[in-house]
Each structure stands twice: as C-alpha cells, then as structure tokens.
Amino acid sequence: MDTNLRVNAKRLSNKISELAKIGALPGGGVSRLALTFDDQQGRNLVLNWMKELGLSITIDGIGNVVATKKGKYNMPPVMMGSHIDTVTVAGPYDGCLGVLAGLEVIETLNELNIETDMPLAVAFFTNEEGSRFQPDMMGSLVYTGELPLKKALATFGIYKSNVEDSLNRIGYNGSAPCGTPNVAAFFELHIEQGPVLEREGYTIGVVESVQGISWTEITLEGKSCHAGYYPMDLRNDAGFVCGQITQYARIIAKEIGGNQVATVGHIEYHPNLVNVAPDKVVMTVDMRNPNEEELQEAENKLDSYLVKVCRDEGIKLSTKKLARFQPTFFNKEKVNLVEEKAKELGYKSRRLHSTAGHDAQILSKVCPTAMIFIPCVDGISHNINEYAYEQDIEAGANVLLNVVLESAKVKSSDLQEMSV
Ligand code: HGY
Ligand code: MN
Ligand code: MN
C-alpha cells in the first residue's frame, strides 16, 4: 500500500509563476542577477511566504536565508533548498523550483498537522549562479565554511561593485554566523538542465554526482593601433588571440571527447571600437568533465596553448581561476532513498550525473546529500524558453516530500543515545 503523501501541484506552480514575475523580461524569461534590486524583490517575496508558513528565519553574513519548521526533537534539521538568483536569460525553474518545492513540502505538512521528529528547513543560498560575482555557489561555500566570509564580501563582480556593498544595498547582510553549518541532511530538487530524462522518457533523475568545473579568467594585453594602416606583422592584437582561444576551447572538447565540455561565455574588448585593434581583452573559459583526470588534461592543454599564442602575437598574458570544483559524489544511502521513493510513487527514474553546478555539491561536504532531477523541455536552461511540465514538477516535489519525511525520522536507537 502506497502510504506516500502528495503535494498540491497547482499551489506550487502558482508560486513559481509568481516569483518569475520579479525580474520578468519584456520578451519572456527572467533576470534576477545576484544582489541586484530584482534579487532583493525576489528574496522579499520568498521571505514573506516563509513567514506565512510560520517558519523561523535566519539570514547570515553572506545573505543565505534558512527557514526552519520545528520538529519533535531539537536537533539539526533535514534541509531542502537551492537558489533564487538567476542568470540574465533565465527561465522560472532553475533554482527556484528547489526552494519553492521545499516550501510546498512544509505547507503540505502544516495542512496535515504533521510534525516530524527532526526539524525541517528550507534554504536559499546567495549567488549560486556566479554570473555576476565568481565563484558560483558562493553562498553555500560560505555557509559550509569552504570560502571565508571576508573573502567573499571583498569579491568584485562584473559591474565593478563588490559583494559587501551590493549585499548592504539590498539589506541582506544578515547577522547569523557563517561557516557553522547545522544540517542533518540536504536535498535539492532541480530541473535537469540537459536532454537525457526527456529524450529517454524518464520522470525522475536520481543524481549520483556532479561533474568537475573549471572557470578561468584570461587577460590579454597587446597594443592598440589604427585598424587601417598599421602593418599586420607588427600588430599585437589581443582580439585576434581571443578568437584563437575561443576556437581552441572547442578543439579541446573535441580532442578529449567523452563528456568534456568547454565554452567562452564572457568577453570584454577594450576599447571595443570598430577602427581600433583591441589592446586588452578579458575573457572566461568554462570547462567541465565528470572525470577529474580528463578535466586536468583540458586545463593543461589550455594553459600551454595560451602561452604559445600569446608569445606568437606578443601579448602579455595573465590568468585567474574563478572557480574550480572536483567531481562530487552524493551520499549513497540518500541517493538510494530518492530512487526508492520515486519507485514507490510510481515514477520512472534513472540515475545520472549532473552537468551543471549546484549548491548540493557544496552541502555534500558537510552532510549526507542527494539531488532529484525532473526533465526540462529540450533540456534547455539558462535560456528564456526554459520549461518544465506541471506533472513533472508535481512528481519531483512528491519525491522530495517523501524523501524528507523518511530522512526526518529519528530511529529509536538514536533516541536512546539522545536521552542519555
Ligand atoms: O554554472 C553552473 O553550473 C550553475 O548554473 N551555477
Ligand atoms: Mn541552478
Ligand atoms: Mn543556473
């Protein structure tokens, strides 16, 4: 007999659409870059929903918000969460689904008057995307103590303001301590952001791991010159080298093959004028691979190529690692629980690794962690046409609800231990 509980999918979908109105783009999609006023408005809305659910709320020094529902016993909570900051061409689901599904779980339990043994918490972490301030997963890195708060606050972003000023400006520089995580287990529901589940007809993705990530910022300094007359063989054209690197990123992915991916996503030319060969270019290369050795091979290929092309063109090279995460493997027992609950609930599921970075990969360092994926149409994300069907959202939230209920039970053996 299936004793699993179910969420109210309509209520969850309404919240997702409500939140997506904040930072809505004229042609569709959402833009709520971390620590902007749109992010502030999104935070305020979610905070209101947390208060309406009677949750006790803490905000820490990097702006992470944790909302807790009391349990029978006063002990670390089972936490659900993700992020509500977005890229500038986002859809309504990336990150927000995990946070709002967490609130839906709480609301369902409140309605049924269910108090779990262990407390439950719903969190959103600051600047998961890392688009404005690097590295990505900045808030959860500070929450778990992996990134010192001071260092994060001093980070300058692509708009030349730093995290501290931006956080103060939106009023989310909280007082709760950072770096002393208080979590019994962590679960993150997320859209797959890839085509596998949809293409193969699965409803639930049982995520076993997250691939390694390497973000490099490259600064190329040459000499500007008149685009018209200066002899080609005398030029130190930073733009030309930028083009070579952009193409070579794709060659690295092809040469290494397998799951290797690479892209140049950000380029700033100076002076960025039609008739001046650029004297300075700042660009980024994002490379990822579930296999750490292959990712290191990709980094080595890039590094030696940079030295060669800069020497050939007489360009001064400097590089900075913006983010570097090794492949992360989730807690086997929690991964099995996700698979078991998906099966009990009658959802077709398969195991897979995550190609995108997530807060869960950071929380997995401090507590047993697992992720639940649902399909997104054509696998697209970081794109205004990102879309997930309501029945898949419902399935993902139902699995989250029942996985968390199971995880929040205190075994009698633990009780004896606690009572001594
Ligand atoms: O880049 C990522 O994988 C994530 O969206 N921050
Ligand atoms: Mn995300
Ligand atoms: Mn994202």
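Note that the structure is a prediction, hence the values are computed from the model and not measured. Computed from heavy atoms alone, side chains included, the values below leave out hydrogens, waters and symmetry copies. One-based numbering, in listed order, for ligands and for the atoms of each.
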Short version for R288: what comes under 4.0 Å of ligand 1, heavy atoms counted, is side chain
Between F325 and ligand 1, find which residue part has any heavy-atom pair under 4.0 Å and reply side chain, backbone, both or neither. neither
From K321, R288, Q296, residue fulfilling side-chain hydrogen bond (donor to acceptor under 3.5 Å, both in side chains) relative to S214: K321
Check each atom of ligand 1 against the heavy atoms of G357 and keep those under 4.0 Å away; list them by number with element. 2 (C), 3 (O), 4 (C)
Is it the case that the side chains of Y143 and N182 hold a donor-acceptor pair, with the cut-off being a distance below 3.5 Å and no angle test? no
Per-atom filter on ligand 1: closer than 4.0 angstrom to a heavy atom of A356 are 3 (O)
Could you tell me, atom by atom, which parts of ligand 1 come under 4.0 Å of a heavy atom of E129? 4 (C), 5 (O), 6 (N)
Heavy-atom gap H382 to ligand 1 smaller than 4.0 Å: yes
Exactly one of F325, F330, F373, F187 clears ring pair (Phe, Tyr, Trp, His ring centres under 6.0 Å) with H358, and that residue is F373
Assess H358: does it contribute an N, O or S atom lying under 2.8 Å from the Mn ion (ligand 2)? no
Closest approach of any protein heavy atom to atom 6 (N) of ligand 1, naming residue and atom: E128 OE2, 3.1 Å
Where E188 and A360 come nearest, the two heavy atoms and their spacing: OE1-N, 2.9 Å
What protein N/O/S atoms are found closer than 2.8 Å to the Mn ion (ligand 3)? D94 OD2, E129 OE1, E129 OE2, H382 NE2
Quick check against the 3.5 Å criterion: does D165 have a side-chain atom that pairs as donor or acceptor with the backbone of S161? no
